[in-house]
Amino acid sequence: MATKLTSNGQVTAPNPISGPDCPAWAQLSAAAPVALARTTRELFAGDPERFAHCSVQAVGLLFDYSRQRVTPKLLEVFAQLADQLRLRERIAAMFRGDAINVTEDRSVLHTALRRTGQSAGSGAPLIVGGQDIDALVRAERERMLAFAEAVRSGVVYSSSDQPFSLVINIGIGGSDLGPAMAVEALRQYAGAGPRVAFVSNVDGCQLADLLVGADPARTLFIICSKTFTTLETRTNALAARAWLQSKLGEAAVPAHFAAVSVNAKAMDEFGVHPDYRFAIWDWVGGRYSIWSSIGVSLAIAIGRANFVSFLDGAAAMDRHFQDAPWLQNLPVLAAMLGVWNVNFLELPTLAVLPYDHRLSRFSAYLQQLEMESNGKSVRLDGSPVPMATCPVIWGEPGNNAQHSFFQLLHQGSARAALDFLLPVRSSCDSQPQQDLAIANCLAQAEAFAFGQSAEVVAADLRRQGLAPARMAELLPHKVHQGNRPSTLIMFPRLDPATLGKLIALYEHKVLVQSVVWGINAFDQWGVELGKKLCDTIVPLVQQPATASGISSSLRGALDFVARERR
Ligand code: F6P
């Protein structure tokens with residue numbers, strides 16, 4: 001732990017670099033065995049008002065953590081941890097544009113992208129490095145929304161003066177997952193605009209499948225790539241261009257391609273028309289970029305008013321995150337519960353389980369958001385993190401999951417923490433069916449928490465009139481231990497504002513956890529090595545015989561490629 005001297009030689013308070021440097025961490029360590037020894041059933045029995053004590057309603061969401069293996073007293077220790085880590089200062093530093101992404105020397109300002117209406121109107125303008133960020137964002141957002149509205153309403157025409165009926169977003173990672181997830185989530189708000197589809201994978205199959213039956217004269221491609229150098233996106237963009245050119249001729253190409261990037265030169269080279277290109281900035285991380293022009297396909301899908309409402313939802317969560325006390329603060333609670341589960345209860349994964357099929361891509365979205373952000377094991381000062389960091393995030397729509405992997409979660413040896421996401425209203429006007437989804441979700445949350453004891457199983461088997469020997473055989477197979485911790489996040493309906501809130505909730509959770517673990521949540525050096533190696537392997541795959549000085553495994557794979565190609 002670093003201790004600082006001021007200029008007059010006085011010792012200032014030590015500057016903790018991660019959770020274990022704080023006094024509260026030792027208290028949490030001491031509390032863990034006690035918590036593990038208490039069942040969830042005992043926690044509820046010991047506090048008849050547990051739901052009231054362990055749930056928060058804020059920003060239109062119900063955040064119920066009563067089925068987690070915590071007590072209100074333990075949460076107070078986490079609040080102390082937040083203070084000891086000077087979390088308030090760290091949050092403020094991000095919002096005011098300090099270069100908190102230290103390895104890339106960049107500000108982290110995705111929150112500036114959603115300072116619209118209510119949130120931008122109040123307070124001082126955001127000036128960073130002498131630039132009026134609000135003005136920059138507002139101008140580019142206006143251009144993007146005007147373009148999106150025009151495409152949506154058929155005012156922007158194709159090369160043959162027809163409105164577009166198909167919009168294909170070409171991008172990967174943060175330039176794909178956010179818009180793809182949100183377009184699906186908000187399908188109910190799509191109205192009569194063009195169909196919006198997504199292509200990310202380099203193998204070309206998604207694009208090929210989409211182009212079967214597509215009308216080139218009515219197809220618009222949007223190339224989304226912050227860098228415009230990403231192999232997958234460049235490959236798909238060139239393939240799309242070749243297809244379009246082969247169908248309509250070279251002169252038609254510019255009217256069918258828009259792009260979003262920081263790389264103006266690359267957009268020039270590709271031939272993107274100046275009116276059809278939109279800027280983002282270095283201070284928008286790819287996985288935090290849905291709020292920027294990277295969200296243009298979403299804006300086309302749901303229209304201007306809904307897109308602004310999506311931004312406003314996130315801005316409401318931003319204000320809550322900045323202002324709410326720790327124990328009422330949803331992102332902070334989500335983060336601290338996650339730390340408790342990973343570092344103290346040693347649960348290495350988090351399953352995210354939406355009970356709304358429209359959120360079927362939400363866990364894939366969170367995989368990048370959380371794992372690319374906090375999948376690190378080195379602290380800001382370069383020292384190793386002395387504990388586990390980001391858990392593996394995974395998940396599926398809850399009802400489907402019930403009929404596949406829930407068996408393992410209920411009775412298997414691998415343990416996971418769970419987040420249930422549950423809208424009250426149907427996302428497709430099928431309320432009686434959504435009521436069944438609600439019942440399923442609540443039933444699962446209860447089953448994971450309380451399980452089914454041997455006594456209950458025995459009574460049940462006895463009622464069925466089973467012979468004692470058969471009962472003894474079956475009983476151990478039917479016991480559910482329970483004590484699987486979960487958080488239930490409920491909301492009135494999955495509308496644009498709510499989706500904005502949910503994403504921002506998880507974004508800020510990531511920031512808080514990065515502060516606890518002492519890591520930089522905003523770089524992603526771990527994805528670079530594979531990209532670099534791929535550049536050297538591409539020519540070897542194309543001409544396998546030329547390879548030398550490579551591992552025997554690589555040699556074996558290339559030989560197999562060569563043999564199969566003959
Ligand atoms: O795979 C890593 C990554 O750099 C992500 O962080 C990013 O979202 C994605 O690639 C796509 O990058 P780009 O938008 O520059 O094409």
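One-based numbering, in listed order, for ligands and for the atoms of each.
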Rounded distance (nearest 0.5 Å) linking atom CG of Asp105 with atom CG of Asp523: 12.0 Å
Crowding at CZ, Arg277 (>12 non-hydrogen neighbours, <6.0 Å): yes
Within 6.0 Å of CZ in Arg304, more than 12 heavy atoms from elsewhere: yes
Per atom 4 (O) of ligand 1, closest listed option by heavy atom (Glu372, Lys531, Arg287): Lys531
Residue that, paired with Asp134, satisfies salt bridge (charged side-chain N to carboxylate O under 4.0 Å, His left out) out of Arg115, Arg114, Arg141: Arg115
Heavy atoms from other residues, nucleotides or ligands near CD of Gln543 exceed 12 (cutoff 6.0 Å): no
Protein contact of atom 8 (O) of ligand 1 - nearest heavy atom, named by residue and atom, plus distance: Gly174 N, 2.8 Å
Between CZ on residue Phe257 and CD1 on residue Ile223, distance to nearest 0.5 Å: 5.5 Å
For atom 15 (O) of ligand 1, closest protein heavy-atom neighbour: Thr227 OG1, 2.6 Å
Phe420 CZ to Ile489 CD1 distance, which is reported to the nearest 0.5 Å: 11.0 Å
Shortest protein contact, atom 12 (O) of ligand 1 (heavy atom only): Thr230 OG1, 3.5 Å
Contact (N/O only, under 3.5 Å) between Gly286 and ligand 1: no
Protein heavy-atom partner closest to atom 11 (C) of ligand 1 - residue, atom, separation in Å: Ile172 O, 3.2 Å
Distance from atom 14 (O) of ligand 1 to nearest protein heavy atom, with residue and atom: Ser175 OG, 2.6 Å
For Lys226, atoms of ligand 1 separated by under 4.0 Å from a heavy atom: 13 (P), 14 (O), 15 (O)
From the candidates Gln368, Gln524, Arg234, the one that places a heavy atom nearest atom 7 (C) of ligand 1: Gln368
